[in-house]
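To start, the structure under review is shown below, and the notes come after it.
In listed order, ligands and their atoms are each counted from 1.
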Amino acid sequence: MLHPVICIDGPAASGKSTVARLVARDLGFVYVDTGAMYRAFTFLTLEAGYDPTSRERIRQLLAKVDFHAEIRNKEIALREGKRDLLPCTRLPEVNAAVSPVSALPELREYLVNVQRKLRLAAPLVMEGRDIGTVVCSDSPYKFFIDACPKVRAERRHKQGERDNLAARDQLDSSRAAAPLLRAADAILLDSGAADARSLADLIVSRVRAARQPAPTVP
Ligand code: CDP
């Protein structure tokens, strides 16, 4: 059986992770950060000394890597063998290389498969770039969180990270494989105009209303 999934997409530093975590906690669903998966593979690519734009190299990495994405305490643990990969995902060199690595179709196919399998295990709140358009395009619960570039750049600066958002946005939106796009049926939310708690409340109330059983006619 496929469990329900709430899809939350949006560009870098749009605040989607904060909102997605709140929604997952309110509903008791598992929180899935698909960006962390692309980041983990970017780290492994850099660690191996591979060219982050090489399809041949990513094929080699996928063939030999012992990668696991497992549900632990309502979140996803990412491991290579026994090693926890999450601490490696926010390094500045990963920020700089993640968009080229994520554009490689071989990696996307592999990770989309990993992400779809999680729906067999539990209800999910999944955030990323292509969740509503590709990974779980059949889901009736789709949201796209955006904010103007200035608001997003300020947010990332406050997080203390070095990150060229404009370059990443450009690459993520223009790549051939699963570009960043709002699904036609996704509800657009502006995180520059409302705080994360209000956006999460809105998503939770919409999802709860849609999941109410239809009243029975006596
Ligand atoms: O947290 P932030 O918004 O900076 O980015 P992220 O969600 O961690 O995603 C990092 C990068 O992974 C993005 O810039 C995309 O290149 C890629 N990504 C993707 O291609 N598809 C996804 N479903 C999630 C992330």
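- Atom CG of N164 sits about 11.5 Å away from atom CZ of R156, to the nearest 0.5 Å.
- Close contacts of ligand 1 with R90, meaning ligand atoms under 4.0 Å from a residue heavy atom, involve 1 (O), 4 (O), 8 (O).
- Atom CZ of R208 is separated from atom CD of Q212 by 9.5 Å, given to the nearest 0.5 angstrom.
- Residue A12 has at least one heavy-atom neighbour below 4.0 Å for each of these atoms of ligand 1: 3 (O), 4 (O).
- When only non-hydrogen protein atoms are considered, atom 10 (C) of ligand 1 lies nearest to R168 NH1, 3.4 Å.
- Side chains of S198 and D195: a donor on one and an acceptor on the other come within 3.5 Å.
- Taking CD from E109 and CG from L62, the interatomic distance works out to 9.5 Å, rounded to the nearest 0.5 Å.
- Side-chain atoms of R108 and Y38 form a donor-acceptor pair, as typed in the model, at a separation below 3.5 Å.
- Using a 4.0 Å cut-off to heavy atoms of R156, the atoms of ligand 1 that qualify are 1 (O), 2 (P), 4 (O).
- Under the 30°/60° scheme for interplanar angles, the aromatic rings of F41 and F67 are found to be tilted.
- Rounding to the nearest 0.5 angstrom, the gap separating the CG atom in L165 from the CD atom in E154 is 11.5 Å.
- The nearest heavy-atom contact from the protein to atom 24 (C) of ligand 1 is T34 OG1, 3.4 Å.
- The nearest heavy-atom contact from the protein to atom 23 (N) of ligand 1 is D130 OD1, 2.8 Å.
- With salt bridges taken as basic N to acidic carboxylate O contacts below 4.0 Å, none links D146 and R182.
- Assignment of K16 to the shell around ligand 1 is supported, since a heavy atom sits closer than 4.0 Å.
- The backbone and the side chain of R129 each have at least one atom closer than 4.0 Å to an atom of ligand 1 (non-hydrogen atoms only).
- Heavy-atom separations between R108 and ligand 1 include at least one value shorter than 4.0 Å.
- For atom 16 (O) of ligand 1, the nearest protein heavy atom (residue, atom name, distance) is D172 OD1, 2.6 Å.
- Near G128, meaning under 4.0 Å from any of its heavy atoms, are these atoms of ligand 1: 23 (N), 24 (C).
- Side-chain polar atoms of N95 and R168 form no donor-acceptor pair below 3.5 angstrom.
- Residue contacts with ligand 1 for R175 involve side-chain atoms from C-beta outward but no N, CA, C or O (heavy atoms, distance under 4.0 Å).
- At a 4.0 Å heavy-atom cut-off, ligand 1 touches R39 through the side chain alone.
- Regarding atom 17 (C) of ligand 1, its nearest protein heavy-atom neighbour is S102 OG, 3.2 Å.
- E127 and S17 share a donor-acceptor pair across their side chains, judged by distance under 3.5 Å alone.
- Contacts between S17 and ligand 1, counted as non-hydrogen atom pairs separated by less than 4.0 Å, are absent for every part of the residue.
- Residue-environment remark: CZ (R206) stays at or below the threshold of 12 foreign heavy atoms within 6.0 Å.
- Near A13, meaning under 4.0 Å from any of its heavy atoms, are these atoms of ligand 1: 3 (O).
- Closest protein heavy atom to atom 25 (C) of ligand 1: G35 CA, 3.5 Å.
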